[in-house]
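Have a look at the structure below before the remarks.
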Amino acid sequence: MIEKRIFTEKDLYEAVKVSKYGDQFRARVRIGRDTVTQKYTYRAFYGSNELDVKVKVRDFIEGQLQGQDEQKTHDELLTTDIEKWLYSEKYGTVKAGSFDRLEQIYLNQIKPYIEGIKTKNVRADLCKMVMQKNLAKGYSYSTLVKIYRLLNMFFDARVLDGSLAVSPMNTVKCYTKDFVRTNQANIRGEREKAIAKRDTGADLTAEEEGLAFSKLRMEDKEEIRFLTDEEIARMRDVAYNGYFLRWTTKTGKQAQSGPYFLKQAKYFLFILNTGLRKGEATALKYSDIDFERKTMMVRKNITTAKKRNAEGIAVGGVQSIESSPKNATSYTIVPINDTAIAILKEMLKDEPSGYCGYIANEGGKPICESAMRKRFDNLLRQAGVEHCGIHSLRHTFASKLYELTRGDSKLVSELIRHSSVSFTEEIYIHLKDKYKQDTIANFSI
């Protein structure tokens, strides 16, 4: 039996001994060893001159190295292979926040189900099993789509570099949104039954116990949160007039102190009037505003991402990263209304003379994502408005545009800077349908 030699990069640079062999030149390269006789085996290379022989030897060694790399990939554990792809090939090619999400999906939704499996042994059944396991846990449609896309990206990369002949994801289909939501509803029903049975003191099966003590996973939001006119009025009142602290004294009298003003609370009214994304609003500077032409230049986006070393490994803590906007249509000059201009002029009164830096700032520096969220939460609480995310301001802006334009999706899409009209209609389909119904209801021949 011949034990094959393992070549290294060093072998490419070793001196090749070339000797005269008849009217030709020859060099021999050791390629293995007979495990019985312990004798080495060689391969000979011939040429009309020394250089010709040396080139052939180098080409041969390079081919051996490439073959060894491919074989190594085939024999590699899938977990090791995906992590190599994630940190060596993917890190640095996508935005920091996007990489964080890729890593999270791999670690939480994929890795637990592929331990001990080699890349070369992966079949479509394994990929389908990963999807099914996460579906059974009640994960949202958006999470399942992320799992599906990550697996596709990885296996496509391995087909592209020649490690695999075909992608096992070729025959795997992603679930539809309706199917996932129906599944989530069924899980909720089974969970409620398990909880009711537990509360009676009856013995639970292992499956019932898992349901009864589990939390439902990352469900899709069925409805988009829009702020009502009354809620907006209360927010505006607190932003401009402040809030009071009220209590009852020991003698039973009602007392109050204030008004207290929330720092830069007016800026959220500006976001409401412009439809900015949170990261765009955090990165916006006064210098991006043309007060005369009533426009703003959206050119930056600030996100929070994990701190990582040069190899992409998380080292603890998070950092704010300034990058380009979400998509190409986001980077643009946007018209803004008189209310937005007036808000910024009011806010500028609280800034040092000549200040043109970040609008949402702390001592001139941009505030972090968590601080921005905390400021918004404080405004909602003091205004007595039900909790919602900052993105609800953008949704409300879009709904007002739909109302003003009577359902003109194209114009709304342009003003909120979506990548396409179809994407806008997918998000706000119920608003589009409402104005379709209103149009037909008021139409007759």
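Contact check for K300 versus K285: no side-chain heavy atoms found under the 4.5 Å cut-off. Looking only at side-chain heavy atoms (C-beta outward), Y141 and Q184 stay at 4.5 Å or farther from each other. Side-chain contact between L65 and L12 is present, with heavy atoms from C-beta onward closer than 4.5 Å. T79 has its side chain within reach of Y106: a pair of non-hydrogen atoms, C-beta onward, lies under 4.5 Å apart. Looking at L262 and R375, their side chains never come closer than 4.5 Å, going by heavy atoms from C-beta outward. Side-chain contact check for I302 versus Y358: some heavy-atom pair is nearer than 4.5 Å. Between E414 and V421 the shortest side-chain heavy-atom distance does not fall below 4.5 Å. Two residues are said to be in side-chain contact when any heavy atoms from C-beta on lie closer than 4.5 Å; R381 and H387 fail this criterion.
The backbone N or O of S420 lies less than 3.5 Å from a partner atom in the side chain of S413, making a donor-acceptor pair. When atom types are taken as modelled, the side chain of R246 and the backbone of Q254 share no donor-acceptor pair closer than 3.5 angstrom. Between the S98 side chain and the V94 main chain, no donor and acceptor come within less than 3.5 Å of each other. The backbone N or O of R277 sits less than 3.5 Å from a side-chain atom of E280, completing a donor-acceptor pair. Under the 3.5 Å distance criterion, the side-chain polar atoms of D237 are left unmatched by any main-chain donor or acceptor of A233. With hydrogens and angles disregarded, no donor-acceptor distance shorter than 3.5 Å links the side chain of T80 to the backbone of E76. One N or O on the side chain of S399 and one on the backbone of T396 form a donor-acceptor pair closer than 3.5 Å. For the pair T248 (side chain) and G252 (backbone), a donor-acceptor distance under 3.5 Å is absent. Looking at N301, its side chain never comes within 3.5 Å of a backbone N or O of S323 through a donor-acceptor pair. Remark: side-chain polar atoms of T332 are not paired, donor with acceptor, to backbone N or O of V334 under 3.5 angstrom.
We find the OG-NZ distance between S140 and K146 to be 6.5 Å, quoted to the nearest 0.5 Å. Note: L77 CG to I114 CD1 = 9.5 Å, rounded to the nearest 0.5 Å. Atom CD in Q264 sits 7.5 Å away from atom CD in E362 (nearest 0.5 Å). Atoms CD1 and CD1, from I289 and I341 in turn, are 6.5 Å apart once rounded to the nearest 0.5 Å. Note that OG of S167 is 5.0 Å distant from CG of D156, once rounded to the nearest 0.5 Å. The OG atom of S392 sits 12.0 Å away from atom CZ of R394, with the distance rounded to the nearest 0.5 Å.
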(message) The test is side-chain contact (heavy atoms from CB on, under 4.5 Å); show your working for T303 and S320 and say whether it passes.
(response) CA-CA 6 Å; T303 55; S320 293; over 6 Å; no
(request) Could you check Y267 against T282 for side-chain contact (heavy atoms from CB on, under 4.5 Å), going step by step and ending with a plain yes or no? (result) CA-CA 10 Å; Y267 193 39; T282 308; over 6 Å; no
(message) Quick one, Y91 with Y87, criterion ring pair (Phe, Tyr, Trp, His ring centres under 6.0 Å). Give me CA distance, side-chain angles, the key distance, then yes/no.
(response) CA-CA 5 Å; Y91 179 64; Y87 297 107; 7.7 Å; no
(request) Kindly determine whether T143 and N134 satisfy side-chain contact (heavy atoms from CB on, under 4.5 Å), including the steps that lead there. (result) CA-CA 9 Å; T143 300; N134 285 283; 5.8 Å; no
(request) Take L86 and F99 through the side-chain contact (heavy atoms from CB on, under 4.5 Å) test and state the conclusion after the steps. (result) CA-CA 9 Å; L86 195 63; F99 185 81; 4.0 Å; yes
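With no hydrogens or angles considered, no side-chain donor-acceptor pair links T176 and D178 at under 3.5 Å. Defined by atom type and a distance below 3.5 Å, a donor-acceptor pair is present between the side-chain atoms of E351 and N361. The closest side-chain donor-acceptor pair between D81 and T119 falls under 3.5 angstrom.
Ring geometry for H391 versus H395: interplanar angle over 60°, hence perpendicular rather than tilted (30 to 60°). Between Y260 and Y243, the angle of the ring planes lies from 30° to 60°, which puts this pair in the tilted group. Ring-plane geometry between H418 and Y428 is classed as parallel, the angle between the planes falling under 30 degrees on a 0 to 90 degree scale with a further cut at 60.
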Would you mind writing out the side-chain donor-acceptor pairs for residues 305-313 within the sub-3.5 Å range, not counting sequence neighbours?
residue	atom	partner	partner atom	Å
K306	NZ	E103	OE1	3.2
R308	NE	D100	OD1	3.3
R308	NH1	E103	OE2	3.1
R308	NH1	G312	O	2.7
R308	NH2	D100	OD1	2.7
R308	NH2	E103	OE1	2.7
N309	OD1	E311	N	2.9
N309	OD1	G312	N	3.1
N309	OD1	I313	N	3.0

Anything under 3.5 Å between a donor and an acceptor, one on a side chain of residues 122-133, the other on a protein residue two or more places apart or in another chain? List them.
residue	atom	partner	partner atom	Å
R123	NH1	K120	O	3.2

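Of the candidates I367, D288, L344, I359 forms a side chain to side chain contact (heavy atoms under 4.5 Å, CB included) with just one, namely L344.
Scanning all heavy atoms of the two residues, the minimum distance from Y148 to C174 falls at CE1-N, 3.6 Å. Heavy atoms only, all atoms of each residue included: Y139 and V180 are closest at O-CG1, 3.7 Å. Closest approach of D377 and C388 over heavy atoms only: OD1-O, 4.4 Å. Nearest heavy atoms, I336 versus T274: CG2-CG2, 3.6 Å. L415 approaches P335 most closely through the heavy-atom pair CD2-CG, 4.3 Å. The two residues M372 and A281 have their closest heavy-atom pair at CE-CB, 4.0 Å.
Geometrically, R236 does not engage F268 in a cation-pi contact, judged by NZ or CZ lying under 6.0 Å from the ring centre and within 45° of the ring axis.
Atom CD of Q256 is surrounded by more than 12 heavy atoms from other residues, nucleotides or ligands within 6.0 Å. Atom CZ of R293 is surrounded by 12 or fewer heavy atoms from other residues, nucleotides or ligands within 6.0 Å. When the shell of 6.0 Å around NZ of K263 is examined, it contains more than 12 heavy atoms from other residues, nucleotides or ligands.
E89 and K84 are not joined by a salt bridge, as no carboxylate oxygen comes within less than 4.0 angstrom of a charged side-chain nitrogen. Salt-bridge check for D11 with R5: passed, with a basic side-chain N closer than 4.0 Å to an acidic carboxylate O. Taking the charged nitrogens against the carboxylate oxygens, R225 and E231 do have a contact shorter than 4.0 Å, which makes a salt bridge. R198 has no carboxylate O lying under 4.0 Å from a charged side-chain N of D203, or vice versa, which leaves the two without a salt bridge.
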